[in-house]
Structures are given as C-alpha cells and as structure tokens.
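All of these numbers come straight from a predicted model, not from anything done at the bench. We count ligands from 1, going down the list as the structure has it; atoms in each ligand are counted the same way.
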Amino acid sequence: MSDLQKSRSILQAAKKVMVITGAGISTESGIPTFRGEGGYWRGHRAEDLASPEGFKKNPRLVWDWYGERRTLVSKAQPNVAHLALASWSKRRGGISLLTQNVDELHERAGQTDTVLLHGSLWKNRCRKCKFEHRACELAYPTLPRCKVCNEITGPGVIWFGEALDFSSFHALNLCSIEADVILTIGTSGLVSPTADFIKRAQTKYNTTLINVNPTESNIQATIELRYKATEIIPELTAD
Ligand code: OAD
C-alpha cells in the first residue's frame with residue numbers, strides 16, 4: 001500500500017482530524033513563503049518587519065511591506081489545495097482547520113470556522129488599546145491611527161514576540177488533544193507555539209502525523225508525503 005493510500009485510509013478512519021497549514025499551501029497561489037527566497041523584502045528579513053520592535057522603529061517601512069502583501073494577496077486566488085480542504089471539511093465532519101497564514105485564502109475557498117492562529121492581513125490592530133477592525137486599504141499615504149486611542153495602528157497579524165489570541169491558543173490546545181490524526185501542510189514546523197503542540201500531541205497522545213511538504217522540514221511525521229499541496233491534497237481528500 002502506498003503512503004498516499006495509507007494516509008487516505010488513516011484519514012477516512014479518523015473521528016477528529018486537525019489540519020494545520022502554513023505558507024507552503026499558498027505558494028501556488030503566488031504568495032512567497034517566509035523561509036524560502038521569498039523571506040526577504042528589500043533586504044529586510046520578515047522577522048525584522050513582523051515584530052513590535054520593527055514597527056516601533058519604522059512603522060512606515062512595515063506598512064509599506066504589509067501594503068505590498070495585501071496587494072499581492074488581493075490578486076491571489078485560492079488554489080486547488082485550499083478548495084479541496086474546504087469541500088472535504090463540508091462533506092465530512094470532525095475536521096478542524098488551523099492556519100498560520102494571514103491571507104484568508106482558506107476562507108475565500110469556502111472553508112468555515114478556520115482558526116487564524118497568526119491573525120489576519122485584513123485587519124488593523126492597535127498595540128496600545130488592542131482595538132481591532134477589518135481593513136482593506138492596500139496603502140496608507142498617512143499612517144493609520146487607532147479610532148479609539150489615536151495611536152498609530154498596525155496590521156492585525158500576530159508578530160514575533162506577541163502571544164496568540166486566547167481563542168486561538170485554546171483551539172490549538174484542544175484540537176491537539178482531541179485529534180486522532182494531525183495533517184500538516186506547507187509548514188516548516190519551526191514556529192512556536194504551533195510546533196510545540198504538534199510535538200506534544202505526538203509524544204503525549206501518540207497522535208498520527210501526516211505531513212505534506214515537497215522538502216525536508218522540522219516536522220517528524222508518521223507519514224511524509226513529499227509533494228506540493230496542489231499535487232496531492234485533492235487526491236488525499238477525495239471520497
Ligand atoms: P515557512 O516559510 O517557514 O515554511 C513554508 C514551508 O512550505 C516550507 O517548509 C516549504 O518547504 C513548504 N512549501 C513550499 N512550497 C510548498 C508547496 N507547494 N506545497 C507544500 N509545501 C510547500 O512558513 P510557515 O511554516 O508557515 O508568521 O511559517 C510559520 C510562521 O512564520 C508564519 O505564519 C509567519 C512566519 O513568521 C507570521 O506571519 C506571524
């Protein structure tokens with residue numbers, strides 16, 4: 001039996017499946033990953049821009065970067081992997097999808113109840129008073145200010161050094177306890193706390209882990225499916 005067939009039967013037999021996606025699932029929609037060559041922007045590392053310190057130091061530079069990301073994402077379309085996961089979730093219950101991505105392509109593919117672990121590109125969040133709202137501007141000629149406290153407000157993305165929202169953390173914890181199987185797609189498995197919950201599920205609950213990634217990653221899977229997401233997710237999730 002091939003790894004794909006094994007994975008299919010494990011997923012079909014599972015009562016609760018936790019799907020965790022990362023930037024790799026959106027690369028085929030034209031959005032670069034963080035740790036590939038796309039991880040740099042005008043010579044800056046993503047980690048230096050996506051941080052409270054980076055924003056404090058140069059909010060204009062950070063908003064220019066996020067403005068370009070919003071422009072890129074606004075032109076991107078969900079790909080067949082996003083679409084296959086959305087229809088699979090509709091057809092069979094017991095699937096929780098948690099994504100590290102902020103592009104909302106899962107939602108645009110029709111996925112419901114997605115847990116946005118790292119927030120959304122399409123929100124603005126004030127780091128002073130925590131006021132948050134939907135926002136779709138692709139550029140800010142003058143830096144946006146919080147409607148409540150008038151502080152310069154940033155994108156509603158969870159940055160390096162910031163904690164996940166409680167609801168996301170709770171979902172990550174609960175799903176990783178309850179899942180019979182974890183399916184990881186397009187993530188390097190390097191970023192906490194997601195990476196920690198994956199490891200805890202495996203060591204503490206002996207959870208089966210199926211990983212979809214064309215290259216080596218930090219994920220130690222039960223079954224490694226070395227494919228691009230669009231190459232295998234439609235087949236993996238077909239009835
Ligand atoms: P990374 O850029 O760390 O990893 C993306 C993974 O996707 C890599 O392991 C690639 O090999 C893999 N990949 C590339 N193309 C693929 C494809 N077509 N199909 C499947 N996999 C593919 O991105 P993440 O693991 O998501 O945080 O990074 C986690 C977080 O680090 C991100 O959410 C971001 C970043 O800082 C925030 O934005 C707050």
At a non-hydrogen distance cut-off of under 4.0 Å, which region of [X] contacts ligand 1 (side chain, backbone, both, or neither)?
X      : result
Thr187 : both
Trp159 : neither
Ile185 : neither
Val191 : side chain
Lys228 : both

Do you know the tightest heavy-atom contact between [X] and [Y]?
X      : Y      : result
Leu105 : Ser26  : CD1-OG, 3.8 Å
Leu116 : Ser120 : CD1-CB, 4.1 Å
Gly156 : Glu132 : CA-OE2, 4.3 Å
Ile233 : Ala84  : CG2-CB, 4.0 Å

Of all the atoms in ligand 1, which lie at a distance below 4.0 Å from a heavy atom belonging to [X]?
X      : result
Ala23  : 23 (O), 24 (P), 26 (O)
Gly186 : 5 (C), 6 (C), 7 (O), 20 (C), 21 (N)
Gly22  : 26 (O)
Thr215 : 11 (O)

Any atom of ligand 1 sitting under 4.0 Å from a heavy atom of [X]?
X      : answer
Pro214 : yes
Thr27  : yes
Ile158 : yes

Under 3.5 Å: N/O of [X] near N/O of ligand 1:
X      : result
Phe160 : no
Asn101 : no
Ser217 : no
Glu28  : yes
His118 : yes

Under a 4.5 Å cut-off applied to non-hydrogen side-chain atoms, are Cys126 and Lys147 in contact?
no

Distance-only donor-acceptor check, side chains Thr153 and Asn124, under 3.5 Å
no

Kindly assign one of parallel, tilted or perpendicular to the pair Trp159 and Phe55, based on the angle between their ring planes and the thresholds 30° and 60°.
tilted

Once the angle between the rings of Trp63 and Tyr66 is folded into 0 to 90°, is it parallel (under 30°), tilted (30 to 60°) or perpendicular (over 60°)?
perpendicular

Looking at Thr21, Asn213, Thr99, which hits side-chain contact (heavy atoms from CB on, under 4.5 Å) with Ile185?
Thr21

Which residues pass the salt bridge (charged side-chain N to carboxylate O under 4.0 Å, His left out) test with Lys57, not counting sequence neighbours?
none

Tell me the side chain to side chain donor-acceptor pair (under 3.5 Å) pairs involving residues 180-189, sequence neighbours left out?
Gln100-Thr187, Thr184-Asn211

